[in-house]
Amino acid sequence: MPRFAYVNGRYVRHADAAVHIEDRGYQFADGVYEVCEIRDGLLIDERRHIDRLERSLAELRIPKPMSRAALGVVLRELVRRNHVVDGLVYLQVTRGVAPRNHPFPAEGTPPALVVTARSVSRAYADHHAEEGVAAISVPDNRWDRVDIKTVSLLPNVLAKQAARDAGVYEAWFYDADGNVTEGSSTNAWIVTGDGVLVTRPAEHGILRGITRTVLLDVAARLGIKVEERKFSLEEAKGAREAFITGATTIVTPITKIDDRVIGNGAPGSVATELRKAFHDFAERSPRWSHG
Ligand code: PMP
């Protein structure tokens, strides 16, 4: 079955999909992106993802490539054409194509939009969550504006590869004070000895994950006490539970950080409960976009 991608106004075969060599995303990482979960053929938390996309674009002064309604149509059409039931949709907007020069291109240069969609086995993700995964810690060497979801992900790529080289799933960044910021592609959480859920405030130093935002609601509704505060790597290593969140991992327990086993080495009850409840709270988009 052929896969399709959306590239600047056209649905094309994935194998043939290409952008211009002077796309500013390619040359300067001058662009932003979103990854949205697809479950039962429906987009999860589309509204929040598009809100965050618009914020990222505004922070970088990249014009919107199209209206929300039109974008909703493209996302759905691509999910449909690729027959995705469970998986993800990826969308990227760059500052467009222009002769290579650092300043922004001429006013009116259209932003470039690429969308892809693919199936991901739900069983595979569930397996990770049931077993728990390990993480290593790495110094956070990213720029200051990690609140913007840019495609400039080289430190994240190197951190994730360091994790893979160590035979583990994720890398947790820690800042100059020894506090955990976030994972290379996930937000970081712990549960303290007395059952308090802790995650770093999203004002500075991390991306405000959509999964994180929804999970704060889930925790409140389940009556779990939450503290949005910084926590150190040492505190994390001594925590009762640790876990990561993201659109593709939902809630995935961390059972080891560096050489320290977390809790009893098995996924904790809080993480497991939150994972189970997550999709009762996340928004499922209607099959048809209303803008
Ligand atoms: N932090 C980083 C650095 C990420 O790349 C991601 C995933 N895009 C997240 C956190 C989690 O965000 P979300 O829950 O919106 O997927």
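Just so you know, ligand 1 is whichever comes first in the structure, and atom 1 is the first atom listed for that ligand. Every heavy atom of this structure was used, including side-chain atoms; hydrogens, water molecules and symmetry mates were not.
- Interface atoms of ligand 1 facing S184, defined by a heavy-atom separation under 4.0 Å, are 3 (C).
- Between S185 and K160, the closest heavy-atom pair is OG-NZ, 2.8 Å.
- Residue nearest to atom 6 (C) of ligand 1, selected from G246, S185, A159: S185 (by heavy-atom distance).
- A cation-pi arrangement, defined by a distance under 6.0 Å to the six-membered ring centre and an angle within 45 degrees of its axis, is absent between R61 and F104.
- Atoms of ligand 1 lying under 4.0 Å from any heavy atom of Y33, numbered from 1 in the order shown and given with element: 5 (O), 8 (N).
- Ring planes of W189 and F243: parallel class, angle under 30° (limits at 30 and 60°).
- Applying the side-chain hydrogen bond (donor to acceptor under 3.5 Å, both in side chains) test between N187 and each of R208, E182, R200, R212 identifies E182 as the sole match.
- Closest approach of T255 and P267 over heavy atoms only: CG2-N, 3.8 Å.
- By the 4.0 Å heavy-atom criterion, R48 is excluded from the residues contacting ligand 1.
- In the vicinity of R52, heavy-atom distances shorter than 4.0 Å reach the ligand 1 atoms 12 (O), 15 (O).
- In terms of protein heavy-atom proximity, atom 1 (N) of ligand 1 is nearest to E182 OE1, 2.6 Å.
- With a 4.0 Å heavy-atom cut-off, ligand 1 is reached by the backbone of T186 but not by any atom from C-beta on.
- Using a non-hydrogen distance threshold of 4.0 Å, F173 does not register as a contact of ligand 1.
- In this structure, D86 and S121 have side chains that are not in contact, with every pair of non-hydrogen atoms separated by 4.5 Å or more.
- Considering backbone and side-chain atoms alike, K149 places an N or O below 3.5 Å from some N or O of ligand 1.
- R208 does not count as a contact of ligand 1, since none of its heavy atoms falls under 4.0 Å from the ligand.
- Remark: ligand 1 and N156 share no N or O pair separated by less than 3.5 Å (distance only, no angle test).
- Not a single heavy atom of V35 sits less than 4.0 Å from an atom of ligand 1.
- Contact between T249 and T245 at its shortest, heavy atoms only, is OG1-C, 3.6 Å.
- At a 3.5 angstrom cut-off on N or O pairs, T211 counts as close to ligand 1.
- What sits closest to atom 12 (O) of ligand 1 on the protein, heavy atoms only, is G209 CA, 3.4 Å.
- Every atom of ligand 1 with a heavy atom of N187 under 4.0 Å away is listed here by number and element: 10 (C), 11 (C).
- Nearest approach of R52 to I210, heavy atoms of both residues: NH1-N, 3.5 Å.
- Residues F173 and N141 approach most closely at CE2-OD1, 4.4 Å, considering heavy atoms.
- T199 places a side-chain N or O within 3.5 Å of a backbone atom of A188 that can act as its donor or acceptor partner.
- At the top of the distance list for atom 13 (P) of ligand 1, counting protein heavy atoms only, stands I210 N, 3.5 Å.
- To the nearest 0.5 Å, atom CG of residue L78 and atom CG of residue L91 are 10.5 Å apart.
- Looking at ligand 1, you'll find an N or O of A247 within less than 3.5 Å of one of its N or O atoms.
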